Each structure stands twice: as structure tokens, then as C-alpha cells.
Amino acid sequence: MASEVRPGTEYEISLMRESNYRLQKVFAALEDMIEPGVSTWELNCAADQIIRDLGGVPNFFNYEGYPASICTSLNEQVVHGIPDSKTVLQEGDIISIDAGLIYDGFHSDAARTWAVGRISGDARRLIDVTEQCFFEGMKFALAGNHLNDVSSAIGDYAEQAGFGVVRELCGHGIGAAMHQDPMIMNFRQNEPGIVLEPGMTLAVEPMITAGGPNIRWLDDGWTVVTLDRSLAAHYENTILITDGRPEVLTMTEEEKARHPEVI
Ligand code: MF3
Ligand code: CO
């Protein structure tokens, strides 16, 4: 990865807040568009336009040659699904949208998994557990703790719920680059990892499956699917380590009101 994340200055952190606040607006607009009949390309075009209207630039576009501005991953797709005008949402699907932007030199990155219309109870539980994995991690995203405290909380919660934890993909430091060290695994590590410090900005992103943890890449070189074709969900936020509870830069005040473990 590019470089190790270091605690940001007050000025840098203020720009991270600006960037990530804009990404909240992108997700709010996308959530309103989720319904049967919408193509993933329409979602991509809307996101691209909103990002630019907000004064940002989509940081995924052309990242290592990635051909779109967001990732749209349906059902057994875990991450990095490529938007396409022929891929149309259907009642009962689950869709994971991963998006980010760069604003005034600073990156934001987040993902949500949403239901398209009515979904099965199993799919709902997968989405809920994946979100809760993130918040279990947040209980340990405290200055002075080690990174593995976060990874372990995420992975242990998923596994005790009977779900698979994707091991080949991870979260990351974020700031002046989208991907910085450290890599943030979603399962228990043998090493404690770095000590968390106030001012660090991190993208924490559990990727959880309803079946086995194994994945493969489709021939497009990007789309990651579960090997057993079980459903997968993804939930990601960019966070700031503080002197107290972690500040989640990509959650709205309304979302945060439901989650006392974060500010
Ligand atoms: N947002 C992804 C991550 O969380 C990166 C996507 S890069 C892309 O790290 F090229 F696939 F868009
Ligand atoms: Co990320």
C-alpha cells in the first residue's frame, strides 16, 4: 500500500470530515433510487453526477483501471461488481454499493448493503449481522487499543452468528490516499497490530457471507463472488480515532443516533 496512515492534523481531519460528509449525501441519494427495474449503470451515473456536483471526484474511477465510479455487487457478489446497463435490480435482490470520493485532496470510502423490495429472512439477517460486525469492531476502535482488538471483534461476531468471513479482502488506512497501511482484517490475527492513536482515519469494512468464506474473481478481473454462490454483504465506513468513542465520518447524524458506540 501507499504509505502508513498517521494521525492527521486538525486541518487534515477537517478536510476528511468535508470529504466524508459529501459521501453521506451520495449514499442518501442512492438509497432513494433502490427499487426493482433500476439498472446498476443508472446508479453509477447518478453517483458520479452527485459526487461532481458536490465538488468531488470519484476516487474509484480508473483506480488500477477500474471502469466505473462506484461498485455495485448483487447477491452472491461480494465486492467490486461493475455497473452495467443490462444489470437490473429485481425484487428480492440484495445490493452492496461501495463508493468513495476525493475532495480537496482527501478521500472518503463507504459501503452499504440494501434490500430490493421484499427479501428473505436469511438475506435480512445477513445484512443486519454484517452491519453489527462493524459496530462490534467500533466498541474496540479506541485509542490505545491494538488493531487486532477491532479485527477480532468483527470476525468473532460473524462466526458466532454462523456466517463466513471473507479473508482475502480487508479494510485500510485512508486519508490523502484511498488505501494506506495498515490493512484491517475482519478476523482474529496472531499479532496485535498497530496501536490506535487519536487522529488516525481508517476504513473498516466487514465482508460477510451466508455460507463459506471462500471467494473467486470473475473473468472481468474485478467482480468478487462467493465460491459457493451464497449471498454476501458489505458494510463500510470511514472512521476517525479520537480520545473517546470513534467518530464515524460516513454515517449521518440520524444513523449515528441509533448507535451509541460511535459519535
Ligand atoms: N472501496 C474499495 C475499498 O473499500 C475500493 C474499490 S476500488 C475499485 O477498498 F477500483 F474497485 F473501485
Ligand atoms: Co475501503
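Note that this is a predicted model, so its numbers are computed, not measured. Both ligands and their constituent atoms are indexed starting at 1 by order of listing. Values below: every heavy atom of this structure, side chains too, minus hydrogens, waters and symmetry copies.
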For this session: May I ask whether Cys71 places a heavy atom under 4.0 Å from ligand 1?
Result: yes

Seminar exercise, completed: the Co ion (ligand 2) has as its nearest N, O or S atom from His172 the atom NE2

Exercise. Based purely on interatomic distance, does His172 place a nitrogen or oxygen under 3.5 Å from a nitrogen or oxygen of ligand 1?
Worked result: yes

Seminar exercise, completed: the Co ion (ligand 2) -> Asp109, closest N, O or S atom is OD2

Exercise. Among all protein non-hydrogen atoms, which one is nearest to atom 1 (N) of ligand 1, and what is the separation to 0.1 Å?
Worked result: Phe60 CZ, 2.8 Å

Seminar exercise, completed: Heavy-atom nearest pair, Tyr66 first then Ile82, reads OH-CA, 3.6 Å

Exercise. Under 3.5 Å, N or O to N or O, is Asp98 touching ligand 1 that way?
Worked result: yes

For this session: Please find the N/O/S atom of Glu236 nearest to the Co ion (ligand 2) and write down its name.
Result: OE2

Problem set entry | Flag if over 12 foreign heavy atoms under 6.0 Å of CZ, Phe187 | yes

For this session: Inspect the contact between Glu255 and Arg112 and indicate whether a charged nitrogen and a carboxylate oxygen are less than 4.0 angstrom apart.
Result: yes

Exercise. If we only count N/O pairs under 3.5 Å, is His234 in contact with ligand 1?
Worked result: no

For this session: May I ask you to identify the nearest protein heavy atom to atom 8 (C) of ligand 1, giving residue, atom name and distance to one decimal place in Å?
Result: Tyr66 CG, 3.8 Å

Problem set entry | Sole candidate of Ser85, Pro83, Cys71 that passes side chain to side chain contact (heavy atoms under 4.5 Å, CB included) when paired with Thr40 | Pro83

Seminar exercise, completed: If you scan protein heavy atoms around atom 7 (S) of ligand 1, the nearest is Tyr63 CD2, 3.7 Å

Problem set entry | Any donor-acceptor N or O pair under 3.5 Å, side chains Asp53, Gln49 | yes

For this session: Mark up the atoms of ligand 1 that fall under 4.0 Å of a heavy atom belonging to Glu205, in ascending order.
Result: 3 (C), 4 (O), 9 (O)

Problem set entry | Result of checking Ile102, Leu101, Ile50, Thr250 against Arg22 for side chain to side chain contact (heavy atoms under 4.5 Å, CB included) | Leu101

Problem set entry | Flag for Asp122-Ser120: side-chain donor and acceptor within less than 3.5 Å | no

Exercise. Looking at His179, which atoms of ligand 1 are within less than 4.0 Å of one of its heavy atoms?
Worked result: 3 (C), 5 (C), 9 (O)

Problem set entry | Short side-chain donor-acceptor distance under 3.5 Å, Asn148 and Ser152 | yes

Problem set entry | Heavy-atom neighbours of Glu191 CD exceed 12 at 6.0 Å | no

Problem set entry | Minimum-distance N/O/S atom that Glu205 presents toward the Co ion (ligand 2) | OE2

Seminar exercise, completed: ligand 1 to Glu236, heavy atom cutoff 4.0 Å, flagged ligand atoms 4 (O)

Exercise. Does ligand 1 have any atom that is closer than 4.0 Å to a heavy atom of Trp222?
Worked result: yes

Problem set entry | Passing option when Cys170 is tested against Met207, Glu205, Met183, His179 for side chain to side chain contact (heavy atoms under 4.5 Å, CB included) | Met183

For this session: Give a yes/no on ligand 1: does Glu64 have at least one heavy atom closer than 4.0 angstrom to it?
Result: no

